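Quick notes on the structure that follows.
For clarity, every value in this text was computed on a predicted model and none was experimentally measured. Both ligands and their constituent atoms are indexed starting at 1 by order of listing.
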Amino acid sequence: MQIKTIGVIGAGTMGNGIAQAFAVAGHDVILTDIAQAPLDRGMKNVDGSLERLVKKDKMTADAKAATLARITATTSLDALAAADLVVEAATENLGLKLDLFARLDALARPDAILASNTSSISITKLAAATKRPGQVIGMHFFNPVPVMQLVEVIRGLQTTDATYEAIEVLAKAIGKAPVQVRNSPGFVVNRLLCPMINEAVFAFSEGLATAQEIDDAMRMGCNHPIGPLALCDLIGLDVQLAVMQVLFEGFKDPKYRPAPLLVEMVEAGYLGRKTGRGFHRYA
Ligand code: NAD
């Protein structure tokens, strides 16, 4: 199947990056969100990100303008009826995503593939909310999307080989490195990464070291490019919490219980970079 027009749901941290990655590669993108404000913020982010490429001579001003022109930002979900593929990157919430997949199934073209960028929710469950379960798949990008190479391509129990192959080809065509993963809570990367971040939150809350010291220790001791608490701020504390809850629920194993401080910080609205405050402060 030829995938030309791509719908992206959610213009947040991931959605605007996904829209940019597809538009840079020459795809027409329809970017949707529930309100104009997140769309404006998302498009501003894409503009800023492309402008940095122009300044570094990695993109011409004309190519930047053409890339931006390929993205249509709209609050209308119905606009996704024109898409060959829809990548859902809305807030990590099961009820919200189940509802979105049922609505998408009703409005998308019968041959369209429906993908989710979920960090942890079951693709099998999302597929079951549609009448096209074989055409539902996980396309899990990493943050920041324009920079990170990996895409976990997650096969639900119902995903067909044709759907998988179309997404694998597409991921490679936009310069990403797809890795095939069977549906399971947290998939591969978050199954390993999020418990490590969770343990860093426990260490911080127990006063083992400051947030900066914990981050420095893991950067210099394990050669990680960024410390676990700074990474949590980048991911979003709400997203990290949602992943831990899915792991905890999915495996019923106490080793995945979310750190109480993480829960409390999310309750306080300290969600990391996107709110200016997490384990570190941001201007
Ligand atoms: P975010 O909070 O930055 O953005 C979510 C966006 O979805 C918001 O703009 C919100 O207005 C919009 N939204 C909510 N309900 C909607 C609806 N019904 N229709 C359209 N838009 C809606 O979140 P994010 O970090 O971009 O995460 C989005 C998805 O990507 C989640 O499933 C998350 O698990 C996943 N993900 C996140 C990361 C990360 O590092 N943040 C990495 C990989 C995957």
Numbered atoms and elements of ligand 1 in range of His140, under 4.0 angstrom, heavy atoms: 43 (C), 44 (C)
Hey, which atoms in ligand 1 end up nearer than 4.0 Å to a heavy atom of Thr118? 32 (O)
Is there a donor-acceptor contact under 3.5 Å from the side chain of Thr91 to the main chain of Asn93? no
Could you say whether the N/O atoms of Asp33 and ligand 1 ever approach to under 3.5 Å? yes
Return the closest protein heavy atom for atom 18 (N) of ligand 1 as residue, atom name and distance. Ile34 CG2, 3.8 Å
Report, in ascending order of atom number, the atoms of ligand 1 lying under 4.0 Å from any heavy atom of Pro38. 9 (O)
Closest to atom 31 (C) of ligand 1 among Ser119, Ala89, Ala90 (heavy-atom distance): Ala90
Under 3.5 Å, is there a donor-acceptor pair between the side chain of Arg273 and the main chain of Asp233? no
What about Glu88: any of its N or O atoms under 3.5 Å from an N or O on ligand 1? no
For Ile235 and ligand 1, does the shortest N/O to N/O distance drop below 3.5 Å? yes
Hey, could you give me the OG/CD distance between Ser116 and Glu92, rounded to the nearest 0.5 Å? 7.0 Å
Taking only Lys NZ, Arg NE, NH1 and NH2, and the carboxylate oxygens of Asp or Glu, determine whether Arg219 and Asp216 approach each other closer than 4.0 Å. yes
Side chain or backbone, does Glu92 bring an N or O within less than 3.5 Å of an N or O on ligand 1? yes
With heavy atoms and a 4.0 Å threshold, my read on which part of Phe141 contacts ligand 1 is backbone
Below 4.0 Å, non-hydrogen atoms only: which portion of Thr13 touches ligand 1? Side chain, backbone, both or neither. both
Mind checking whether Thr91 contacts ligand 1 via backbone (N, CA, C, O), side chain (CB onward), both or neither, at a 4.0 Å heavy-atom cut-off? both
With heavy atoms only and a cut-off of under 4.0 Å, state how Leu96 meets ligand 1: side chain, backbone, both or neither. side chain
For the residue pair Phe142 and His140, categorise the inter-ring angle as parallel (less than 30°), tilted (30 to 60°) or perpendicular (more than 60°). tilted
Arg257 backbone acceptor or donor facing Asn198 side chain under 3.5 Å: yes
